[in-house]
There are 2 protein chains.
Amino acid sequence: MLSNKTKYGIKALVFLAKQDQRVPVQISVISKSENISQKFLESILLTLKKNGVLGSKKGKGGGYYLLKEPKDISMTTVMRLLEGPIAMVPCVSLNFYEKCEDCPDENACAVNKLMLKVRDNTLQIFRNTSLADLSN
Amino acid sequence: MLSNKTKYGIKALVFLAKQDQRVPVQISVISKSENISQKFLESILLTLKKNGVLGSKKGKGGGYYLLKEPKDISMTTVMRLLEGPIAMVPCVSLNFYEKCEDCPDENACAVNKLMLKVRDNTLQIFRNTSLADLSN
DNA sequence: GCATTACTCTAGTAAATCGATAGGGTAAAA
DNA sequence: TTTTACCCTATCGATTTACTAGAGTAATGC
């Protein structure tokens, strides 16, 4: 299941991408428009900022804005930052790999085999989908 | 993330599919061989039984066995029984559909659009993968 | 400067889910 | 009639999720 965190994050990013000008947008504006708790959204945008997806400006006329063009922001980045691993099991994860304790041989494991296929496919979708694709 | 329940369920099914003869296999045998808590496995096999995937036989020489040929047991069935919805959000789920409360228009929703693609792909993999495919 | 605005950060918490564990009950086979 | 093994219910600690509260700090405009 996709967490609300990720869901809200994507919605906020799309909202920013849809702005005509690249001016800072206040959290409260996004929060109202997308029906997201303001405080919760605050923490989400903060992580996106800390990881180079968003920039922010303080004070009057401040807010958040995209640091890159929507077409250059890939869904893999967003998913990994907000949701964590893309794989359904750690033993097939690229960025969050962990060995299964109960499994003697990964290569002989049916779950591994199946989930590897799923990960490959899902990853390809996220790689080929940019923020621009979602904003049309 | 895939739950242990599903993971163990798949492993147990593969174990059963790999048996030469179609004789009942005791829970304790599967549990030891696959490093799964016996009691936990018990409840998993029970759900698979209640939903027509497995049969069971009581008493001495009893145990669980597949009700169908491995090639006729699709991963969609197994995943839905043990893991639940295949989709990452309820609003793109076929069997567990639910409308998002915060979303005014599903067709205009970026998350919906993205997750629909993911679900289609994942579903296709599960549909095209049978227990037989995983047992080789 | 100084008030306003808006971002930043730290805690905490209610609710749900997960992954078991415990223990007794019941049916069937030898 | 004893053994074996399936069947069912209840409980429980740990973790995660989705927020909420509240205080602090940095810019901006007048």
Side-chain angles (χ1 to χ4, degrees), chain A residues 1-12 16 23-32 34-51 53-67 81-85 88-90 96 98 100-102 111, chain B residues 1-12 16 23-32 34-51 53-67 81-85 88-90 96 98 100-102 111:
Chain A
M1 276 290 152
L2 195 76
S3 66
N4 278 356
K5 191 176 164 188
T6 309
K7 192 171 105 180
Y8 295 161
I10 294 175
K11 286 193 170 196
L16 289 175
V23 292
V25 180
Q26 297 155 235
I27 294 184
S28 64
V29 173
I30 309 177
S31 126
K32 272 170 204 150
E34 302 293 321
N35 296 311
I36 306 168
S37 142
Q38 178 160 342
K39 275 292 191 180
F40 192 29
L41 181 59
E42 215 173 286
S43 71
I44 297 167
L45 298 186
L46 205 56
T47 13
L48 290 173
K49 192 208 143 165
K50 281 185 182 160
N51 288 282
V53 178
L54 294 179
S56 70
K57 197 173 170 236
K58 289 182 184 177
K60 203 165 189 177
Y64 282 99
Y65 53 90
L66 298 176
L67 277 182
L81 284 178
L82 299 177
E83 191 72 10
M88 291 183 84
V89 279
F96 300 81
E98 259 178 70
C100 294
E101 287 162 28
D102 55 311
V111 178
Chain B
M1 273 292 152
L2 195 76
S3 66
N4 278 356
K5 192 176 163 189
T6 309
K7 192 171 106 180
Y8 295 161
I10 295 175
K11 284 192 171 196
L16 288 175
V23 291
V25 180
Q26 297 154 237
I27 294 184
S28 65
V29 173
I30 308 176
S31 127
K32 272 169 204 152
E34 302 293 321
N35 294 312
I36 305 170
S37 142
Q38 177 160 342
K39 276 291 189 179
F40 193 28
L41 182 60
E42 214 175 285
S43 71
I44 296 167
L45 298 187
L46 207 55
T47 16
L48 290 173
K49 192 209 143 163
K50 280 185 182 159
N51 289 282
V53 178
L54 294 180
S56 71
K57 196 174 171 235
K58 289 182 183 175
K60 203 166 190 175
Y64 282 99
Y65 52 90
L66 297 177
L67 278 181
L81 284 178
L82 299 177
E83 191 73 11
M88 291 183 85
V89 279
F96 301 82
E98 260 177 68
C100 293
E101 287 162 28
D102 55 312
V111 178

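Just so it is clear: chains get the letters A, B, ... in the order the sequence lines come, proteins before strands, and each one is counted from 1.
Near-neighbour residues of DNA chain D inside residues 23-31 of chain B, defined by a heavy atom below 4.0 Å, number-ordered: B:Gln26, B:Ile27. In the region residues 36-48 of chain A, proximity to DNA chain C at under 4.0 angstrom, judged on heavy atoms, holds for A:Lys39, A:Glu42, A:Leu46.
Every residue two or more places apart in sequence or in another chain that forms a side-chain hydrogen bond (donor to acceptor under 3.5 Å, both in side chains) with B:Ser3 is listed here: B:Thr6, B:Glu83. For A:Lys58, there are no side chain to side chain contact (heavy atoms under 4.5 Å, CB included) partners, not counting sequence neighbours. For A:Lys39, the salt bridge (charged side-chain N to carboxylate O under 4.0 Å, His left out) partners at least two apart in sequence or on another chain are A:Glu42. The side-chain hydrogen bond (donor to acceptor under 3.5 Å, both in side chains) search around A:Ser43 returns none, not counting sequence neighbours. With sequence neighbours excluded, the residues satisfying side chain to side chain contact (heavy atoms under 4.5 Å, CB included) with B:Glu34 are B:Lys11, B:Phe15, B:Ile30, B:Ile36. In terms of the side chain to side chain contact (heavy atoms under 4.5 Å, CB included) criterion, residue partners of B:Ser56 (sequence neighbours excluded) are, by chain and number, B:Lys49, B:Tyr64. Not counting sequence neighbours, the partners of B:Tyr8 by the ring pair (Phe, Tyr, Trp, His ring centres under 6.0 Å) test are B:Phe40.
With rounding to whole Å, B:Tyr8 atom OH is found 14 Å from C:dC18 atom P. Rounded to an integer number of Å, the gap from OH of A:Tyr64 to C1' of C:dT5 is 14 Å. Separating the CG atom of B:Asn4 from the C1' atom of C:dT21 is a distance of 15 Å, rounded to the nearest angstrom. Put simply, NZ on A:Lys49 is 11 Å from C1' on D:dA26, counting in whole angstrom units. Between the C1' atom of D:dA18 and the CG atom of B:Asp102 lies a distance of 13 Å, rounded to the nearest Å. The CE-P distance, from A:Met1 to C:dA16, rounds to 16 Å in whole Å. Atom NZ in B:Lys7 sits about 15 Å away from atom P in C:dC18, given to the nearest Å.
Within the structure, a side-chain polar atom (N or O) of A:Ser56 is placed less than 4.0 Å from OP1 or OP2 of C:dT8.
At least one side-chain heavy atom of A:Met1 sits less than 4.5 Å from a side-chain heavy atom of B:Pro85.
Between the CG atom in A:Asn35 and the SG atom in B:Cys100 there is a gap of 11.0 Å [rounded to 0.5 Å]. Within the model, atoms NZ of A:Lys32 and CG of A:Leu41 stand 12.0 Å from one another, a figure rounded to the nearest 0.5 Å. For the atom pair CG (B:Leu66) and CG (B:Leu48), the distance works out to 9.5 Å, reported to the nearest 0.5 Å. With values rounded to the nearest 0.5 angstrom, B:Lys57 atom NZ is found 11.0 Å from B:Gln26 atom CD.
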For nucleotides 25-30 of chain C, which of its nitrogen or oxygen atoms have a protein nitrogen or oxygen under 3.5 Å away, and what is each distance?
{"from": "C:dA27", "atom 1": "O4'", "to": "B:Lys58", "atom 2": "NZ", "distance (Å)": "3.1"}

Please list, for nucleotides 13-15 of chain D, all pairs of protein and nucleotide N/O atoms separated by less than 3.5 Å.
none

For nucleotides 10-15 of chain C, tabulate all protein N/O to nucleotide N/O atom pairs closer than 3.5 Å, reporting atom names and distance.
none

Run the side-chain contact (heavy atoms from CB on, under 4.5 Å) test on B:Leu54 and B:Leu16 for me, step by step, so that the C-alpha distance in whole Å, both residues' side-chain angles and the decisive distance to 0.1 Å come before the verdict. CA-CA 10 Å; B:Leu54 294 180; B:Leu16 288 175; 3.6 Å; yes
Report the C-alpha distance between B:Ile44 and B:Leu82 in whole Å, list the side-chain angles of each, state the deciding distance to 0.1 Å, and finish with yes or no for side-chain contact (heavy atoms from CB on, under 4.5 Å). CA-CA 8 Å; B:Ile44 296 167; B:Leu82 299 177; 4.1 Å; yes
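Scanning all heavy atoms of the two residues, the minimum distance from B:Gly63 to B:Pro24 falls at N-CB, 3.6 Å.
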